[in-house]
*Asks:* 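What follows is a single structure, and I will ask about it in a moment.
As the structure lists them, so they are numbered: ligands from 1, and atoms in each ligand from 1. All values reported here derive from a predicted model rather than from experimental measurement.
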Amino acid sequence: MSEPQPRTVVVLAAGEGKRMKSSLPKVLHPLLGRTLVGHVLNAADPLEAARTLVVVGHGADQVRAHLAEIAPEAIAVHQAEQLGTGHAVRIALEAAPEVTGTVVVLNGDVPLLRPETVVELVATHEGEGAAATVLAAEVPDPTGLGRIVRDAAGRLEQIVEQRDATPTQLAVREINAGIYAFDAARLRDVLGKLSTDNDQGEEYLTDVFKMLVSAGEPVGVHLAADHTETLGCNDRVELAALRRLLRDRVNERWMRAGVSLLDPETTWIDVTVALDRDAVVDQNTQLRGGSVVGSGAVVGPDVTLIDTVVGPGATVLRSHAVGAEVGSGASVGPYAYLRPDARLAERSKVGTFVEVKNSEVGAGAKVPHLSYVGDATIGARANIGAATIFVNYDGVNKHRTVVGEAAFVGCDTSLIAPVEVGAGAYVAAGSAISKDVPPGALGVSRAEQRSLEGWVTRKRPGSASAEAAERALRGAQGAPVGPSSASQGEAIHGTAESVGGAAGAGDTATE
Ligand code: UD1
Ligand code: CA
């Protein structure tokens, strides 16, 4: 009886989804890492179907383009007018006259369906040699859904839409999930005879059951163990409810796999993300796309990772990362922004209000505060002082900056690319560096400081600053006062080199 059958998957995705009130076709709305139709195709994956037909209509071009990306082997069949689910399946099979065996029909807007459930439905169907088998579920609230109507012996008699149902039928809580397995030949026989004699004037796929029953063909019902799998999505309120359900399902799976989620209700993990044992995800965190979090890494609170790989033992705190790599034991944030191809080697640090793009930060190197690092290679153990800007863009082209191993860049420096700071070199704080600094040299580039003595007293007489200055100057003439006047004097009269050394080392070594 259950000989292996060639299998064809038909996904119904031509509907407009009016109640979504969206310029995006309903089936393209995203849900934790895949579109609605992406989830549905994924659920059918284990069937290893010989053919996958997707019925498209509303937003057909957008849906086709998406299919080309996620399921290039799928064939789009165009349904110009949405004349009903039966019509949709009919034109799909007309487009593929060679199809025999089992035809699995999936609604494009039922995204929580599990692959296991589809496999079980097909096993039941093929095992019983049925002409048609419907996936059903017992739901708390069947409003709006097709009801499974059984005869006195409990056999499926027909599927009745809400709007065509009698009061007795409306009381039934066993509903049609819109997921079916059919025998291709027997489905074809009846599809041509569908009427539009119903409240919507459409060809209902569900009428196939009534017709097969009256022809004496065996039909079956496969009951889903978890009714939430069969929930459809008709508006954005339902989409949000589905998102919460899927979040809980994904989170539970990771917690059971040894990942700590400190606040599962505010942790949103795409189905495409991977986490290792003993990873910790703190609250208000979104892990999206192809992101990976290694063992013992701590991510969150308040972190968004998109296609970002975080190595074992790393920490990412209150930050946003897209297409980045964070090496093992590295530290990011709070308030860092990692952009595509930011690659942070092991034990490196990208700290507060630091943006990194298309750059390597070497092992143990630090960019602790207030910096922009674009198109740069920073060597191992280099230290980039606060407010350093890698000036990478000349208005037309981007250029690279190379900072050598264990180099030391003083605060508030502009590194004007293309430029190289050699290994072990120092750059004086406040410099604008546009020429290479040789290894071990101190690069200094800034105007010499002048102090115009008495300027405040002359130009701002009577101000708080003038009064404070006068007090300080009186104190300086008499008994020595606070430590500030001594160090100020030194800075004012120091050489460029001593200023560079003092300011650079003093400011950037602070952590
Ligand atoms: C359908 C079922 C209903 C079931 C429910 C489950 C029918 C008549 N009713 O109702 O019994 O409980 O699904 O969610 O089948 N589509 C097309 N072309 C069309 C019409 C629809 O591709 O001409 C697609 C839609 O885009 C959607 C799917 O088929 O993905 C279901 O259509 P929809 O109009 O949402 O059917 P429901 O009224 O929800
Ligand atoms: Ca629907």
*Asks:* Taking non-hydrogen atoms only, is E202 closer than 4.0 angstrom to ligand 1 via side chain, backbone, both or neither?
*Replies:*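 No part of E202 is near ligand 1 at this cut-off.
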*Asks:* With a 4.0 Å heavy-atom cut-off (strictly under), which part of L83 contacts ligand 1: side chain, backbone, both or neither?
*Replies:*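 Near ligand 1, L83 shows its backbone, while the atoms from C-beta on stay back.
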*Asks:* Is the shortest N/O to N/O distance between Q79 and ligand 1 below 3.5 Å?
*Replies:*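 Yes; at least one N/O pair falls below 3.5 Å.
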*Asks:* With a 4.0 Å cut-off on heavy atoms, is E161 touching ligand 1?
*Replies:*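 Contact check E161 vs ligand 1: positive.
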*Asks:* Which atoms of ligand 1 have any heavy atom of T206 under 4.0 Å away?
*Replies:*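 Result: 7 (C), 8 (C), 11 (O), 15 (O).
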*Asks:* Is D189 paired with R186 through a side-chain N to carboxylate O contact shorter than 4.0 Å?
*Replies:*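 Salt bridge: no.
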*Asks:* Inspect the contact between R150 and E174 and indicate whether a charged nitrogen and a carboxylate oxygen are less than 4.0 angstrom apart.
*Replies:*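 Counted as a salt bridge, because a side-chain N and a carboxylate O are separated by less than 4.0 Å.
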*Asks:* State which residue, out of V391, D394, N392, fulfils the side chain to side chain contact (heavy atoms under 4.5 Å, CB included) condition with H399.
*Replies:*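 Going through V391, D394, N392 one by one, the side chain to side chain contact (heavy atoms under 4.5 Å, CB included) with H399 is satisfied by D394 alone.
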*Asks:* Within the structure provided, determine whether P418 and R400 are in side-chain contact (heavy-atom separation under 4.5 Å).
*Replies:*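 No; the side chains remain at least 4.5 Å from each other.
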*Asks:* Any atom of ligand 1 sitting under 4.0 Å from a heavy atom of A14?
*Replies:*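 The answer is yes: ligand 1 sits under 4.0 Å from a heavy atom of A14.
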*Asks:* Over 60° means perpendicular and under 30° means parallel, so classify the ring planes of H320 and Y337, tilted if in between.
*Replies:*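 Y337 vs H320 ring planes: perpendicular.
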*Asks:* Inspect the contact between K398 and D375 and indicate whether a charged nitrogen and a carboxylate oxygen are less than 4.0 angstrom apart.
*Replies:*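 Looking at D375 and K398, the cut-off is not met.
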*Asks:* Regarding atom 13 (O) of ligand 1: of the candidates N107, N198, L145, which has the closest heavy atom?
*Replies:*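 Closest candidate by heavy-atom distance is N107.
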*Asks:* Run the numbers for me: atoms of ligand 1, each under 4.0 Å from some heavy atom of D109, listed by number.
*Replies:*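 Once the distances to D109 are compared, the set is 30 (O), 35 (O).
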*Asks:* Counting heavy atoms only, name the option from V40, N176, T230 that's nearest to atom 4 (C) of ligand 1.
*Replies:*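 Closest candidate by heavy-atom distance is N176.
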*Asks:* Between S22 and H29, do the side chains contain an N or O donor and an N or O acceptor separated by less than 3.5 Å?
*Replies:*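 S22 vs H29: donor-acceptor pair found between side chains.
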*Asks:* Pick, from G146, G86, G108, G84, the option with the minimum heavy-atom distance to atom 19 (C) of ligand 1.
*Replies:*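 Ranked by closest heavy atom to atom 19 (C) of ligand 1, first place is G84.
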*Asks:* If you apply the rule side chain to side chain contact (heavy atoms under 4.5 Å, CB included), what do you find for H58 with K26, and how did you get there?
*Replies:* CA-CA 9 Å; H58 276 280; K26 173 162 78 177; over 6 Å; no
*Asks:* Taking R339 first and then E355, would you say they form a salt bridge - that is, a charged N and a carboxylate O separated by under 4.0 Å?
*Replies:*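 A salt bridge links R339 with E355.
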*Asks:* Can you sort out which atoms of ligand 1 are near T85, meaning under 4.0 Å from one of its heavy atoms?
*Replies:*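 The atoms of ligand 1 under 4.0 Å from a heavy atom of T85 are 7 (C), 8 (C), 15 (O), 20 (C), 21 (C), 29 (O), 31 (C), 32 (O).
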*Asks:* What part of A88, side chain, backbone, both or neither, has a heavy atom within less than 4.0 angstrom of ligand 1?
*Replies:*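 Answer for A88: side chain.
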*Asks:* Heavy atoms only: which of N234, V27, L12 lies closest to atom 29 (O) of ligand 1?
*Replies:*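 Among N234, V27, L12, the closest heavy atom to atom 29 (O) of ligand 1 belongs to L12.
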*Asks:* For Y204, counting its heavy atoms only, list the atoms of ligand 1 lying under 4.0 Å from any of them.
*Replies:*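 Ligand 1 atoms under the 4.0 Å threshold to Y204: 8 (C).
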*Asks:* Quick one: are E81 and H87 in side-chain contact, heavy atoms under 4.5 Å?
*Replies:*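 In short, these two side chains do not touch, never coming nearer than 4.5 Å.
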*Asks:* Under 3.5 Å, N or O to N or O, is G15 touching ligand 1 that way?
*Replies:*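 Yes, there is a polar N/O contact under 3.5 Å.
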